[in-house]
**Q** 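After the structure tokens below, expect a handful of questions from me.
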Amino acid sequence: DTVVTQSPLSLPVTPGEPASISCRSSQSLLHSNGHNYLDWYLQKPGQSPQLLIYLGSNRASGVPDRFSGSGSGTDFTLNISRVAAEDVGTYYCRQALQPPRVTFGQGTRLEIK
Amino acid sequence: EVQLVESGGMLVQPGGSLRLSCAASGFTFSSYSMNWVRQAPGKGLQWISYISSAGAAIQYADSLKGRFTISRDNAKNSLYLQINSLTVEDTAVYFCARGTWSYAFDSWGRGTLVTVSS
């Protein structure tokens, strides 16, 4: 089974400062079609998850451009250029190497300092 | 506006069964694959199952295969999850999520809580 491991698990950030979350996969998520099957989701407190980034680096509809995804193969990063108060929550990466079977990372809890 | 509304969650005794529903609106339900994902209290997300747009293809997480059955009724814009032989470990919020062409989950319901306890 493909395992995705996130770090850090807890991330305190000052508003206006950048933040970065890493997601490492036990197998390459780069498909022969050229796509990396790695998504990022944010679950705000008391809410259901929402899609932020799909296929490694594509922002979902309505997602602010301060969010960006990068990486390929086994190493991926979610970057927030300037953290806002509304960005608080738990971030999950999710792999789909053998779609439609998917697995999520453990989650990274972002909190405001 | 895309809406997914889960229902059917309740308190159930160990060994019991439950059928969860997800009512879809605001999009052409029959054109999209659908998924179930659950989240135990204070824990992360666990994918449970997938069903293709017409229902011809179905997949389950290996660890959950056998007790869960996903189905859909495109005429009723509804998705279902039958869960049998419930255990306390099945206590969780159950979400339905719409799948995209890239297998991302672009819309989620608010979830329905299943509590398994004697």
Side-chain angles (χ1 to χ4, degrees), chain A residues 1-7 9-10 21 23 29-31 33-63 67 69 76 78 89-109, chain B residues 1-6 9 22 26-27 32-65 68 70 72 79 92-113:
Chain A
D1 284 1
T2 303
V3 176
V4 283
T5 303
Q6 294 181 227
S7 63
L9 299 185
S10 180
I21 300 171
C23 181
L29 301 181
L30 179 60
H31 194 274
N33 62 16
H35 293 305
N36 282 285
Y37 281 85
L38 189 285
D39 306 328
W40 291 96
Y41 298 82
L42 164 60
Q43 186 174 30
K44 296 182 179 180
Q47 296 186 19
S48 52
Q50 61 186 92
L51 176 65
L52 295 177
I53 303 288
Y54 64 96
L55 296 178
S57 60
N58 298 276
R59 261 192 309 276
S61 175
V63 174
F67 290 93
F76 298 85
L78 176 70
T90 303
Y91 291 78
Y92 294 93
C93 62
R94 191 214 69 170
Q95 68 82 19
L97 177 62
Q98 296 175 301
R101 307 167 70 77
V102 302
T103 53
F104 292 88
Q106 323 96 296
T108 295
R109 181 170 293 184
Chain B
E1 179 196 3
V2 174
Q3 275 205 311
L4 298 169
V5 180
E6 301 91 339
C22 170
F27 66 102
Y32 288 84
S33 63
M34 297 295 296
N35 296 265
W36 285 99
V37 177
R38 71 180 183 180
Q39 185 171 39
K43 302 297 185 182
L45 302 170
Q46 181 184 25
W47 173 76
I48 300 170
S49 184
Y50 158 97
I51 186 167
S52 61
S53 57
I58 287 174
Q59 292 275 346
Y60 299 97
D62 285 341
S63 60
L64 302 176
K65 207 176 294 186
F68 292 74
I70 192 172
R72 66 190 295 162
L79 174 72
V93 174
Y94 286 73
F95 298 100
C96 61
R98 189 178 78 168
T100 71
W101 63 270
S102 68
Y103 300 95
F105 298 164
D106 69 341
S107 293
W108 298 64
R110 298 178 66 87
T112 187
L113 175 63

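In the text below, chain A, chain B and the rest are named by the order of the sequence lines, each starting its count at 1.
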**Q** Select one option (side chain, backbone, both, neither) describing which atoms of B/A61 are under 4.5 Å from chain A's heavy atoms.
**A**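 Backbone of B/A61 only, per the 4.5 Å heavy-atom cut-off to chain A.
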**Q** Working to the nearest 0.5 Å, report the span between OH of A/Y92 and CD of B/Q39.
**A**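 Interatomic distance, A/Y92 OH to B/Q39 CD, rounded to 0.5 Å: 4.5 Å.
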**Q** By a 4.5 Å heavy-atom criterion (distance strictly below it), what part of A/D1 contacts chain B: side chain, backbone, both, or neither?
**A** side chain
**Q** Measure the spacing between CG of B/D106 and CG of A/D39 and express it to the nearest 0.5 Å.
**A**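 Output value for this atom pair is 10.5 Å.
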**Q** Roughly how far, to the nearest 0.5 Å, is the NE2 atom of A/H35 from the OH atom of B/Y103?
**A**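 These two atoms lie 11.5 Å from each other.
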**Q** What do you reckon, is CD of A/Q98 surrounded by more than 12 foreign heavy atoms closer than 6.0 Å?
**A**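 No, CD of A/Q98 has 12 or fewer neighbouring heavy atoms, counting only those of other groups under 6.0 Å.
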**Q** Please indicate whether A/R59 has more than 12 foreign heavy atoms, meaning atoms of other residues, nucleotides or ligands, lying under 6.0 Å from its CZ.
**A**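 Counting neighbours around CZ of A/R59, more than 12 heavy atoms of other residues, nucleotides or ligands fall under 6.0 Å, so yes.
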**Q** Would you mind checking which part of B/V37 comes under 4.5 Å of any heavy atom in chain A, side chain (CB onward), backbone (N, CA, C, O), both or neither?
**A** side chain
**Q** Given the options A/G107, A/S61, A/P99, which has more heavy-atom pairs under 4.5 Å with chain B than any of the others?
**A** A/P99
**Q** Taking atom CZ of A/R101 and atom CH2 of B/W47, what is their separation to the nearest 0.5 Å?
**A**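 If I round to the nearest 0.5 Å, the distance is 5.0 Å.
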**Q** Calculate, to the nearest 0.5 Å, the distance between atoms CZ and CG belonging to A/R94 and B/L45 respectively.
**A** 10.5 Å
**Q** Can you classify the ring geometry of A/Y41 versus B/F105 as parallel (below 30°), tilted (30 to 60°) or perpendicular (above 60°)?
**A** tilted
**Q** Who among A/A96, A/A60, A/P100, A/G105 has the most heavy-atom pairs with chain B under 4.5 Å?
**A**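 Ranked by heavy-atom pairs under 4.5 Å with chain B, first place is A/P100.
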**Q** Among B/A57, B/S49, B/A97, B/S102, who wins on heavy-atom pairs under 4.5 Å with chain A?
**A** B/S102
